[in-house]
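Since we're looking at a predicted model, the values are computed, not measured. Order of listing sets the numbers, starting from 1, for every ligand and every atom in it.
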Amino acid sequence: MTDRSMDPGAAYGTRDPDALARRAGTRADPDHDQHFLVDDRVLDRLPTYLPDDADASHVLEIGGGAGALTDRLLALVDAEGQDSGRLTTVERDPEFAAFLREEFADAVDSGVFDVIEGDALDVAYPPFTACIANLPYGVSSEIAFRLLPERKPLVLTFQAEFADRMVASAGESEYGRLSVSAQHYAAVEIVERIPKEAFDPQPAVESAVVRCTPRDPDYAVGDEAFFLRFVKALFTQRRKTARNAVRNTGHISGLDDPDAVVEAADADLMSRRPGTLEPSAFAALAELAREHGNPTEV
Ligand SMILES: C[S@@+](CC[C@H](N)C(=O)[O-])C[C@H]1O[C@@H](n2cnc3c(N)ncnc32)[C@H](O)[C@@H]1O
């Protein structure tokens, strides 16, 4: 495992990340999800948010852009005197992809760094051990739900409002499908809030850094795809009781016989609203639904 106690940026410290961002950043286009982090303190902190026991031997970055975070991640995986790790950056913009290969040519030549040019929603990811990224917000949800099932440590920036929904607990107003689905795969926490001023060009909204530490849920789920579909279905009726939500959403969850599920379930549980049900309660209900509701593929 790579030693991460070193100063971020030390191994590649001859490069000034602000200067990098300025050099390539003149072409940054917010319409293409290009908001570069320019606050050194935030950039320095991002790699340190990996859980202490994380394996950083092959880090994945999504959206390298002008390379300010890439620089720090190379320092993380290629710590001087340590076993060398690897960094793979996915970048959709061909000009920035070429810029990254050129700027970090030594690391490319020594096999430490490679750039996958393409859409992070489509390309195959390498077998990464951790992912750290300042995500393109237009597709951050889709990317997060490509990454989370890999059950690897993740340190990702999101729009603050999205991050709040990821970490929300049952009963909170932000709690919903996103919270249950994300927390199914990982312990999810906001480790830092980032003001707009830390970016150039500035995004319209505040941001937050979310750490996802993989874990097995403390409940059993026999069919993960059905569980996630069932949660999605019930939250389409979040103002109804669970009883009515189950009855009304069989076409979404794929239940042929939702009434049988309602019959079999605990009456107190069914009188609660979906927004008050903990992930374990959703899981228990989903298992009951599989047993009694005759689920089919949708
Ligand atoms: C928010 S910027 C982050 C740039 C840099 N990592 C930083 O922190 O300053 C997002 C980057 O993702 C790239 N990008 C946007 N959509 C993408 C996609 N679908 N797949 C891969 N990269 C994408 C953009 O070109 C941009 O470089």
Side-chain angles (χ1 to χ4, degrees), residues 8-9 12 15-50 59-77 87-104 107 113-126 128 130-147 154-163 191-210:
Y12 289 81
R15 293 185 184 83
D16 168 6
D18 266 353
L20 281 187
R22 273 197 303 277
R23 253 184 67 192
T26 52
R27 292 178 288 122
D29 180 355
D31 288 342
H32 289 96
D33 262 345
Q34 290 167 351
H35 298 278
F36 296 143
L37 257 173
V38 291
D39 186 320
D40 278 340
R41 294 161 303 179
V42 178
L43 284 159
D44 284 347
R45 281 195 292 267
L46 284 177
T48 71
Y49 290 133
L50 270 186
V59 172
L60 176 69
E61 181 190 19
I62 308 289
L69 180 59
T70 313
D71 203 44
R72 268 72 172 189
L73 299 181
L74 278 170
L76 172 71
V77 301
L87 172 68
T88 299
T89 293
V90 180
E91 174 55 61
R92 187 180 59 179
D93 185 315
E95 287 184 59
F96 282 118
F99 172 83
L100 291 165
R101 284 194 196 100
E102 197 187 305
E103 192 62 34
F104 303 108
F113 179 48
D114 67 309
V115 179
I116 298 177
E117 185 182 319
D119 191 322
L121 298 179
D122 299 332
V123 298
Y125 296 157
F128 65 97
C131 177
I132 305 176
N134 173 21
L135 290 180
Y137 290 165
V139 286
S140 59
S141 172
E142 291 92 331
I143 293 174
F145 281 98
R146 264 201 85 179
L147 295 171
L154 313 172
V155 175
L156 306 171
T157 62
F158 292 98
Q159 297 188 358
E161 179 265 337
F162 186 89
V191 289
E192 177 167 352
R193 292 189 182 269
I194 319 179
K196 300 174 196 172
E197 294 73 30
F199 297 87
D200 184 19
Q202 286 186 23
V205 292
E206 306 293 327
S207 299
V209 185
V210 173

Heavy-atom contacts with [X] under 4.0 Å: which atoms of ligand 1 show up? List them by number with element.
X: N134; answer: 1 (C), 3 (C), 7 (C), 8 (O), 9 (O), 10 (C)
X: L135; answer: 1 (C)
X: E61; answer: 6 (N)
X: A120; answer: 18 (C), 19 (N), 20 (N), 21 (C)
X: G118; answer: 20 (N), 21 (C)
X: D33; answer: 1 (C), 2 (S), 10 (C), 11 (C), 15 (C), 24 (C), 26 (C)
X: D119; answer: 18 (C), 19 (N), 20 (N)
X: F36; answer: 4 (C), 9 (O), 27 (O)

Would you check whether D93 has a nitrogen or oxygen atom less than 3.5 angstrom from a nitrogen or oxygen atom of ligand 1?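 No; the residue has no nitrogen or oxygen that sits under 3.5 Å from a nitrogen or oxygen of the ligand.
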So is E91 polar-close to ligand 1, meaning N/O to N/O under 3.5 Å? yes
Name the closest protein heavy atom to [atom], giving the residue it belongs to and the distance to 0.1 Å.
atom: atom 1 (C) of ligand 1; answer: H35 O, 3.1 Å
atom: atom 26 (C) of ligand 1; answer: Q34 CG, 3.5 Å
atom: atom 12 (O) of ligand 1; answer: G63 CA, 3.2 Å
atom: atom 9 (O) of ligand 1; answer: L37 N, 2.9 Å
atom: atom 15 (C) of ligand 1; answer: P136 CB, 3.4 Å
atom: atom 22 (N) of ligand 1; answer: R92 N, 3.3 Å

With heavy atoms and a 4.0 Å threshold, my read on which part of A68 contacts ligand 1 is neither
When you compare the side chain of [Y] with that of [X], does any pair of heavy atoms fall below 4.5 Å?
X: N134; Y: F199; result: yes
X: I143; Y: L156; result: no
X: L100; Y: E103; result: no
X: V115; Y: T70; result: no
X: E91; Y: F99; result: no
X: L76; Y: L50; result: yes
X: R72; Y: D40; result: yes

Which is it for Y137 and S207 under the side-chain hydrogen bond (donor to acceptor under 3.5 Å, both in side chains) test, yes or no, and what are the steps along the way? CA-CA 10 Å; Y137 290 165; S207 299; 2.8 Å; yes
Heavy-atom pair of closest approach, residues P126 and I116: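 For P126 versus I116, the nearest heavy atoms are CD-CD1, 4.1 Å.
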For the residue pair V155 and L46, what are the closest heavy atoms and their distance? CG1-O, 3.7 Å
Any heavy atom of L121 closer to ligand 1 than 4.0 angstrom? no
Would you call G138 a ligand 1 contact, heavy-atom distance under 4.0 Å?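 Heavy atoms of G138 never come under 4.0 Å of ligand 1.
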Can you tell whether the side chains of R146 and D122 come within less than 4.0 Å, N to carboxylate O? no
Could you tell me whether a side-chain N or O of H35 sits under 3.5 Å from a main-chain N or O of D200, the two making a donor and an acceptor? no
